[in-house]
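Counting starts at 1 for both ligands and their atoms, following the listed order. Nothing fancy with the numbering, it's 1 onward along the sequence.
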Amino acid sequence: MLAPRKVKEDCELLRKEMRELQQGVQLMARLTQQQICDAISDISQHNQLLLRRYHEEMKLRKTYHNELVELRGNIRVFCRVRPPIAEDGSGQGSTCVVHPDQDDDSRLLVDFKNREQNFGFDRVFGAESTQDEVFHEVQALVTSCIDGFNVCIFAYGQTGSGKTHTMQGPSHEPGINQRALKELFIATDKQSDWRYDIRVSFLEIYNESIRDLLSDRPTTKMEVKRNAEGLLHVPGLTQIQVNCLEDVNRTFTTGLENRVTASTRMNELSSRSHALLCVEVHGVNTMTSVKTFGKLNLVDLAGSERVSKSGADGDRLKEAQNINKSLSSLGDVVHALRGNQSHVPYRNSKLTYLLQDSLGGDSKTLMIVHVSPAQKNVGESIASLHFGQRVHSVQLGQATRNAVSEGSHEMAEDSPANSGRPKSRAARKK
Ligand SMILES: Nc1ncnc2c1ncn2[C@@H]1O[C@H](COP(=O)(O)OP(=O)(O)OP(=O)(O)O)[C@@H](O)[C@H]1O
């Protein structure tokens, strides 16, 4: 039998040991916590370093990419994904399967046949992109026509993919056409020693026939001819001098009312023709009388969808075949130019023949490929992306700027916006 005093002492001892054990555990826990915090902080510093390096690399890649684009002869390809719309319906078919890469604004990811396909362009605009953002990227291209460059901007894609939205746009959110003219008015207004004259024509190519959209009595008998200076033009085509946005809007209203539209299963007001807004900028220096001339061609192409899907027959089938022919000719021409091939097949369609002077040489071309985000359109989206990719991915090879094409315009040496820019090849030769 233990004495009560001994029990009390043992109890005290046990209590003391327990307190020490508790303190020891708390100390260990604090130390471990500190170690974990240090490790996390190390990892996050390392991550931040990697992220910084990644962004630096991205910036560098962009710089090199821009240099490469210059070398490739100024042909760029953008891609724009339109947001979901009511016409996409609901259910499985409306699921969004097209996503811009969150970390790289030049890549697009598409879920197709249970695989993720990856497409690269000069720039990808997601569904939330605004008209402002898109125009910001094309602004420099647009104003280069003041310097005497010829510029073409094409909107490509299946019916309902957003081509007209990008080029024309609704009145509360105007697209490239109106913004470009506004920008030209602002830029030409700033040049005190220069007087500018801006003229527009608006035509469509429907079933390989040209129609004047600004004429009261449109005729389909219009042809592409060479004028005395060797430049391609359409005799009899209405040209309107525009001095302000009101003039421009009046012109658009007339032209759009005349546009041929026909219904297909895919879009009630599907445009089955290519619409071409041609802006000519004539400049004259009031001190030296030096003249400049540049052309800006803004093209809303007809829908690129394949015939079977549109349920086409009869007239619609003929339309679809003509559209396919001209779009593939356009792809061939741009592909040949970007690859610096010696033969460029301009004559294979009215569209490329008419634009011959504005494609190639020192001209600048931008193709904006439009895609729907919906799963039910994914086949057409993939076809459009392959079209854009074919143009975009031409290997550099021995490409430099193309030789000056027949009839291209030289940039005047003392053109106002010329200072600090590389001179056109023609100008360099002088
Ligand atoms: N970026 C966008 N933001 C908001 N709405 C858009 C956008 N792109 C397209 N839409 C809408 O989607 C619908 C189809 O677009 P749009 O008419 O521009 O297609 P399209 O490719 O020009 O078709 P079509 O070849 O038939 O002329 C329109 O209602 C348009 O307002």
Side-chain angles (χ1 to χ4, degrees), residues 78-90 93-94 96 98-100 105 108 121 123-138 153-179 202 204-207 211 213 252 255-277 298-307 309-312 316 319-320 322-324 326-327 330 351 367-374 376-385 387-388:
F78 290 174
C79 175
R80 188 178 194 187
V81 186
R82 76 146 163 75
I85 52 172
E87 286 82 347
D88 291 338
S90 55
S94 66
C96 183
V98 182
H99 310 276
D105 63 12
L108 187 74
F121 295 99
R123 180 79 157 80
V124 171
F125 295 97
E128 325 70 41
S129 60
T130 61
Q131 302 284 67
D132 229 19
E133 279 164 8
V134 174
F135 187 69
H136 186 254
E137 287 288 324
V138 303
I153 302 180
F154 296 97
Y156 180 95
Q158 80 171 117
T159 290
S161 58
K163 302 180 295 293
T164 308
H165 184 88
T166 297
M167 300 309 286
Q168 190 64 35
S171 54
H172 61 283
E173 252 188 311
I176 292 176
N177 292 359
Q178 206 204 72
R179 285 168 196 262
F202 200 7
E204 71 176 353
I205 302 177
Y206 174 71
N207 276 345
R211 292 186 193 213
L213 290 175
F252 283 158
L256 292 173
E257 278 169 6
N258 285 330
R259 251 200 108 180
V260 168
T261 54
S263 48
T264 69
R265 275 188 205 158
M266 299 190 61
N267 191 328
E268 275 298 294
L269 285 175
S270 160
S271 304
R272 312 304 300 153
S273 59
H274 309 301
L276 165 57
L277 177 71
L298 301 166
V299 193
D300 184 351
L301 292 167
S304 62
E305 61 279 359
R306 288 158 293 185
V307 178
K309 196 163 180 188
S310 306
R316 292 293 96 83
E319 279 177 358
N322 277 319
I323 291 167
N324 288 350
S326 58
L327 290 179
L330 176 63
L351 180 71
M367 177 85 66
I368 309 178
V369 176
H370 291 77
V371 286
S372 148
K376 66 177 182 183
N377 296 131
V378 72
E380 290 297 343
S381 299
I382 290 281
S384 295
L385 293 167
F387 176 90

*Answer yes or no: is there a donor N or O on one side and an acceptor on the other, between the side chain of Lys163 and the main chain of Ala302, under 3.5 Å?*
no
*Using a strict 4.0 Å cut-off to heavy atoms of Ser161, name the atoms of ligand 1 that fall inside it.*
19 (O), 20 (P), 21 (O)
*Using distance alone, decide if ligand 1 has a nitrogen or oxygen within less than 3.5 Å of any nitrogen or oxygen in Asp300.*
no
*Minimum non-hydrogen distance to atom 26 (O) of ligand 1, winning option of Ile323, Thr159, Asp88*: Thr159
*To the nearest 0.5 Å, what is the distance between CG (Leu351) and CD1 (Ile323)?*
11.5 Å
*Any Arg80 side-chain heavy atom under 4.5 Å of Val134 side chain*: yes
*Answer with yes or no whether Gly157 contacts ligand 1, where contact means a heavy atom under 4.0 Å from a ligand atom.*
no
*Supply the atom-to-atom distance Cys79 SG to Ile368 CD1, rounded to the nearest 0.5 angstrom.*
10.0 Å
*asked:* Tell me whether Asn377 contacts the main-chain N or O of Ala374 through its side chain, where contact means a donor paired with an acceptor under 3.5 Å.
replied: no
*Before signing off on this row, confirm whether Gly162 and ligand 1 have an N or O atom pair separated by under 3.5 Å.*
yes
*State if Arg80 counts as touching ligand 1 under the rule of any non-hydrogen atom under 4.0 Å.*
yes
*asked:* Less than 4.0 Å is my threshold; does some heavy atom of Glu87 fall inside it relative to ligand 1?
replied: no
*Answer side chain, backbone, both or neither: which part of Pro170 comes under 4.0 Å from ligand 1, heavy atoms only.*
neither
*Flag, side chain of Ser381 to backbone of Ser372, donor-acceptor distance under 3.5 Å*: yes
*Ignoring hydrogens and angles, state whether a donor on the side chain of His274 or Ser326 is under 3.5 Å from an acceptor on the partner side chain.*
yes
*Hey, what's the ring geometry for Phe387 with Tyr156, parallel, tilted or perpendicular (30° and 60° as the breaks)?*
parallel
*Side chain, backbone, both or neither: the part of Thr164 lying under 4.0 Å from ligand 1 by heavy atom*: both
*Based purely on interatomic distance, does Ala127 place a nitrogen or oxygen under 3.5 Å from a nitrogen or oxygen of ligand 1?*
no
_Subset of ligand 1 atoms that lie under 4.0 Å from at least one heavy atom of Arg82_ = 8 (N), 9 (C), 12 (O)
*Identify which of Lys163, Glu128, Gln158 has a heavy atom lying nearest to atom 25 (O) of ligand 1.*
Lys163
